[in-house]
There are 2 protein chains.
Amino acid sequence: MSSTPTFKRLPRAVREQQMLDAAVKVFSRRGFHAASMDEIADDAGISKPMVYAYLGTKDELFVACLHREGTRMMEAIAGAAAPDLPADERLWRGLRAFFGFVGAHRDGWAVLYRQARASQPFAAELATMRGRLVDVVAGMLDHALRAKGREVRATDLEVVAYALVGATESLADWLADHPEADPEKTATRMMNVAWLGADQLLRGTVWHPPAD
Amino acid sequence: MSSTPTFKRLPRAVREQQMLDAAVKVFSRRGFHAASMDEIADDAGISKPMVYAYLGTKDELFVACLHREGTRMMEAIAGAAAPDLPADERLWRGLRAFFGFVGAHRDGWAVLYRQARASQPFAAELATMRGRLVDVVAGMLDHALRAKGREVRATDLEVVAYALVGATESLADWLADHPEADPEKTATRMMNVAWLGADQLLRGTVWHPPAD
DNA sequence: GCGTAACCTTACGCACCAGTAGGTATGCTC
DNA sequence: GAGCATACCTACTGGTGCGTAAGGTTACGC
């Protein structure tokens, strides 16, 4: 008569992942504040105190989501863009991996870049990760430049890298909002913008504002 | 003895602007949900029921903020980038106006692009405005292309415009986080990335993915 | 100088939600 | 099969914040 045989007891590690899955889903749908711990627990098929027991408070839970999704993304990119490749090849592979990740983990993307950025305490966590990405891109550009015997001020380089990362994130948003779109094709388009622009910069071409 | 002589009664239009100023400030600092109507009312130097009487519920108030800041921004850009100028000049003036606006209205920027994007109901409102910006940029590129007798698929154009807008927004974030940075210089940097990239695209140069 | 309409206030009801107290069941070890 | 650790639950509290009811005060028309 005790008719709840389907719900088995599961080891902690498994339940934690289920909870994180649910949390990412709910956070991305509702936003951090509007998401309720009850809904997350419910969605994970578990009761609320379990969430608190395993993952801690709401803030800690969100940081845990941020961390998991961020790590996954960085690994996907780093695994694809080996440092010994030529710059354009590296950029291409990195972009392809990135858009592939976003296409496959739209919820995770939303949590990372739409939610985290909105509220102060988490923005820092995100800024660190984003900073690492910017550094990678800036390092790539710098490397290519030095190979040509040219030098560029570090700040300029950083800002250019920032712009490229921003453009990429923007297309990621576009991709997340267009389920029919192809990640590979999006990566190609981004490559056109980024590389053809970067190529010119690498050649030393500089645009300067017209005189008033 | 009634010692509140400094607080005068003010006409509705004035109070509404004060409330919107306070709301933009608080929303940008706390985020939409964490912002409380009490704090906004307090910051505006008025009591809460007045806010409800003039601007409606919290949601409606936020939309009103979004609307005002968005309109201001669009006007600043549209006023600077006259349609009869050559493409590079238009782009430059538009960018300069944009970064000038962000530099001068950091709170408004935060409300628009950090808060609004985070939660579903408002994202649509923002997407409309952003879409108008993308259309302007895409139209500019298209115009320049046709002048050279070339044509590009509308989707490609839109995606490129999207990337450029994204890169610009990203630098705007960077600017908002670096109070010491100069909007004009940031605009120049963006111009380098955008124009040199766009210029290559306009020449018909295309990057394509390497064979596996 | 008095009515009235707009401006403005204090004080509260009600709902929602983060976090917890305290208890039950299940499997594992010896 | 006793003992124990771990998985899991129901049911609550306390706090916070949206939205409002009901009443006070100032300016302005006449």
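Since the structure is predicted, the reported quantities are computational estimates derived from the model, not experimental observations. Each chain gets a letter, A, B and so on, in the order the sequences are listed, and its residues count up from 1.
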Next item on the list: Rounded to the nearest angstrom, tell me the gap between atom CG in A/Leu10 and atom P in C/dT26.
Entry: 14 Å
Notebook entry, point to check: Has the side chain of B/Ser170 got a donor or acceptor atom that lies under 3.5 Å from a matching backbone atom of A/Tyr162?
Noted result: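 The answer is yes, because a donor-acceptor pair under 3.5 Å joins these two groups.
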Item checked: Atom pair distance, as rounded to whole Å: CG in A/Asp38 and C1' in C/dC16 ->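 Result: 9 Å.
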Next item on the list: Within residues 47-60 of chain B, find the residues that approach DNA chain C with a heavy atom at under 4.0 Å, and present them sorted by residue number.
Entry: B/Ser47, B/Pro49, B/Met50, B/Tyr54
Checklist line | Separation of D/dC18 P from B/Phe62 CZ (nearest whole Å) | finding: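 After rounding, the gap between these two atoms is 14 Å.
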Notebook entry, point to check: Below 4.0 angstrom, N of the basic side chain to O of the carboxylate: do A/Asp21 and A/Arg68 qualify?
Noted result: yes
Margin query: Does any part of the side chain of B/Glu184, heavy atoms only, come nearer than 4.5 Å to the side chain of B/Phe99, both counted from C-beta?
Written below: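 With C-beta onward as the side chain, the pair stays apart.
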Next item on the list: Ignoring hydrogens and angles, state whether a donor on the side chain of A/Arg96 or A/Thr186 is under 3.5 Å from an acceptor on the partner side chain.
Entry: no
Notebook entry, point to check: Salt-bridged, B/Asp107 to B/Lys25, with N to O below 4.0 Å?
Noted result: no
Notebook entry, point to check: Hey, what's the ring geometry for B/Phe62 with B/Phe32, parallel, tilted or perpendicular (30° and 60° as the breaks)?
Noted result: perpendicular
Margin query: Quick test of your reading of the model: are A/Asp42 and A/Lys48 salt-bridged, counting only N-O distances below 4.0 Å?
Written below: no
Notebook entry, point to check: Does C/dC8 have OP1 or OP2 sitting under 4.0 Å from an N or O in the side chain of B/Arg15?
Noted result: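 Result: yes.
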Checklist line | Non-hydrogen atoms of B/Glu60 and B/Leu55 that approach each other most closely | finding: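 So the two residues come closest at CB-O, 3.6 Å.
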Notebook entry, point to check: Going by number, which of residues 21-36 of chain A have a non-hydrogen atom under 4.0 Å from DNA chain D?
Noted result: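 Within this stretch, nothing sits under 4.0 Å of the strand.
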